[in-house]
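Residue numbers run from 1 in the order of the sequence given. Please read these numbers as outputs of a predicted model, since none were measured by experiment.
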Amino acid sequence: MELRQLRYFVTVAKTLNFSEAAKSLFITQGTLSQQIKQLEDELGSELFVRSSHKVSLTEAGAEMLPLAQNTLEDSAECFQRITDLKKGVSGTLNIGLTTSFRGILNNALKIYLKEYPNVKLQIVYHSIGELISMLKEHEIDFFIAFKSAVLYDEIDTFPLVDSELCAVMSKDHPLAGRETLTLQELERQRIILPSSGLQSRKAFDRFVDADTSSLNICVEINNPHGIIKLVHSTNLIAIMSSLATYYDPTLVAIPIEGMRRKMVGCVHTLKGSYVKKSSRLFFEVLNRTT
């Protein structure tokens with residue numbers, strides 16, 4: 001039994017499609033079928049039920065899947081630990097984040113890329129739900145997002161930066177000099193809100209008991225970066241995290257009176273997994289720059 005065969009088996013088990021699995025593995029379908037057949041012969045059990053219409057796992061295949069996944073994860077961790085011991089900082093670091101943390105990431109990247117030029121970075125932006133799934137599947141090494149109201153047993157969360165829900169506007173806006181704003185004052189303004197489902201929107205909905213009918217909501221956008229671009233080009237006010245103004249001197253974030261809930265930006269890692277050296281060094285840079 002070879003690790004390569006286990007990887008092939010896991011890929012087919014996830015897709016339940018030999019053609020699709022072969023494409024993702026960059027091998028021919030014939031080679032993939034041959035390797036799976038060799039694995040089945042060695043085990044003395046069929047792992048898949050094949051028909052002209054679909055592929056499904058046998059009882060033996062379903063039993064083997066988590067064992068094969070654990071073996072591949074242990075192998076990858078072993079390789080990473082030895083690589084960290086033998087070499088300086090190199091390899092690939094896979095980072096996930098929600099778009100609210102674009103500014104914080106970019107600021108850290110300037111330093112990290114200069115100090116550790118041999119590390120290749122793979123960066124993806126997704127919703128927190130998608131990032132959690134990617135972390136569990138070992139597709140990313142860690143992700144940066146607001147602390148979730150839902151606790152996940154499989155994930156460790158480390159606070160990185162505090163923020164609060166604010167009225168974000170251009171520094172040229174007539175209200176830009178205010179220290180705080182009331183919800184009643186915001187009712188007289190044209191407002192941009194994050195779309196339903198985003199963490200900042202969830203926080204605001206809790207604040208107003210999910211009743212936004214008194215606000216003059218002109219736009220809802222599901223991307224904080226898109227909200228910022230619109231604030232730059234209009235006289236609208238966005239209700240969002242104060243993180244939006246961290247590295248943008250053309251914007252101001254004014255606290256909303258009565259809004260007590262902090263939004264904590266965190267680094268999220270998979271509980272019990274090995275944190276490679278390049279990740280640990282990135283955490284250090286993040287702490288230095290936030």
Side-chain angles (χ1 to χ4, degrees), residues 1-84 91-98 122-143 145 148-158 197 266-276 278-279:
M1 184 186 305
E2 301 177 5
L3 287 174
R4 176 185 58 181
Q5 292 173 326
L6 292 180
R7 186 169 69 253
Y8 291 174
F9 162 70
V10 168
T11 304
V12 177
K14 287 182 176 180
T15 61
L16 294 178
N17 185 304
F18 274 79
S19 177
E20 184 179 332
K23 288 179 181 178
S24 69
L25 291 165
F26 302 101
I27 60 175
T28 66
Q29 187 171 338
T31 298
L32 176 59
S33 297
Q34 182 183 37
Q35 290 296 317
I36 295 296
K37 183 64 169 60
Q38 287 180 5
L39 181 60
E40 289 176 323
D41 289 345
E42 184 175 349
L43 293 170
S45 295
E46 289 191 351
L47 301 173
F48 297 101
V49 177
R50 305 162 176 84
S51 73
S52 57
H53 300 293
K54 67 176 183 178
V55 175
S56 60
L57 285 166
T58 63
E59 183 179 3
E63 182 75 18
M64 182 171 171
L65 180 56
L67 301 175
Q69 289 174 312
N70 289 338
T71 299
L72 291 173
E73 290 167 10
D74 289 344
S75 172
E77 178 177 324
C78 177
F79 178 81
Q80 187 61 58
R81 284 176 181 264
I82 299 304
T83 299
D84 283 352
T92 300
L93 181 59
N94 300 289
I95 303 171
L97 69 157
T98 56
Q122 299 274 13
I123 299 170
V124 294
Y125 289 88
H126 283 296
S127 69
I128 188 168
E130 291 170 311
L131 292 171
I132 288 171
S133 296
M134 293 180 73
L135 186 66
K136 290 179 180 179
E137 293 294 324
H138 299 270
E139 295 172 7
I140 52 177
D141 295 304
F142 63 89
F143 70 87
S148 174
V150 179
L151 298 178
Y152 296 89
D153 293 337
E154 312 97 317
I155 294 175
D156 282 326
T157 298
F158 304 96
C266 299
V267 171
H268 306 264
T269 62
L270 196 61
K271 186 171 291 185
S273 65
Y274 175 65
V275 179
K276 57 191 182 185
S278 56
S279 292

Min side-chain heavy-atom separation Val55-Val49 under 4.5 Å: no

Ion pair present between Lys14 and Glu137, side-chain N to carboxylate O less than 4.0 angstrom? yes

Non-hydrogen side-chain atoms of His126 and Thr98 separated by less than 4.5 Å: no

Over all heavy atoms of both residues, which pair between Phe18 and Ile36 is shortest? Give the atoms and the distance, please. CE2-CG1, 4.1 Å

Looking at every non-hydrogen atom in both residues, tell me the closest pair between Ala13 and Leu57 and how far apart they are. CB-CD2, 4.0 Å

Electrostatic pair Glu40-Arg50, nearest N-O below 4.0 angstrom: yes

Hey, is the main chain of Leu32 close enough, under 3.5 Å, to the side chain of Gln35 for a donor-acceptor pair? no

State whether the side chain of Thr15 and the backbone N or O of Thr11 hold a donor-acceptor pair below 3.5 Å, judged by distance alone. yes

Rounded to the nearest 0.5 Å, what separates atom OG in Ser273 from atom CG in Asp141? 8.5 Å

So how far is it from Ser148 OG to Ile128 CD1, rounded to the nearest 0.5 Å? 4.5 Å

Could you measure the distance from the CG atom of Leu72 to the CG atom of Asp74? Nearest 0.5 Å is fine. 9.0 Å

Would a distance-only check, ignoring hydrogens and angles, find a side-chain to backbone donor-acceptor pair under 3.5 Å from Ser24 to Ala21? yes

Give, for atom CG of Leu131 and atom NZ of Lys136, the distance between the pair rounded to the nearest 0.5 Å. 12.5 Å

Non-hydrogen side-chain atoms of Tyr152 and Thr157 separated by less than 4.5 Å: no

Rounded to the nearest 0.5 Å, how far apart are CE of Met64 and CD of Gln69? 11.0 Å

Looking only at side-chain N and O atoms, does Glu130 offer a donor or acceptor that is under 3.5 Å from a partner on Ser133? no

Separation between CG of Leu43 and CZ of Phe9, rounded to the nearest 0.5 Å: 9.0 Å

Under 3.5 Å donor-acceptor, Glu42 side chain and Leu39 backbone: no

Under 3.5 Å donor-acceptor, Ser279 side chain and Val275 backbone: no

With a 4.5 Å limit on heavy-atom distance, are the side chains of Leu6 and Met1 in contact? yes

Heavy-atom donor-acceptor pair, His268 side chain to Ala145 backbone, under 3.5 Å: yes

Looking at Asp156 and Thr269, would you say the former's side chain and the latter's main chain have a donor-acceptor pair under 3.5 Å? no

Could you walk me through whether Asp153 and Lys271 pass the salt bridge (charged side-chain N to carboxylate O under 4.0 Å, His left out) test, one step at a time? CA-CA 8 Å; Asp153 293 337; Lys271 186 171 291 185; 5.8 Å; no

With no hydrogens and no angle check, is any side-chain donor or acceptor of Ser75 less than 3.5 Å from a backbone partner on Thr71? no

Answer whether the closest heavy-atom distance between the side chains of Met134 and Phe143 falls below 4.5 Å. no

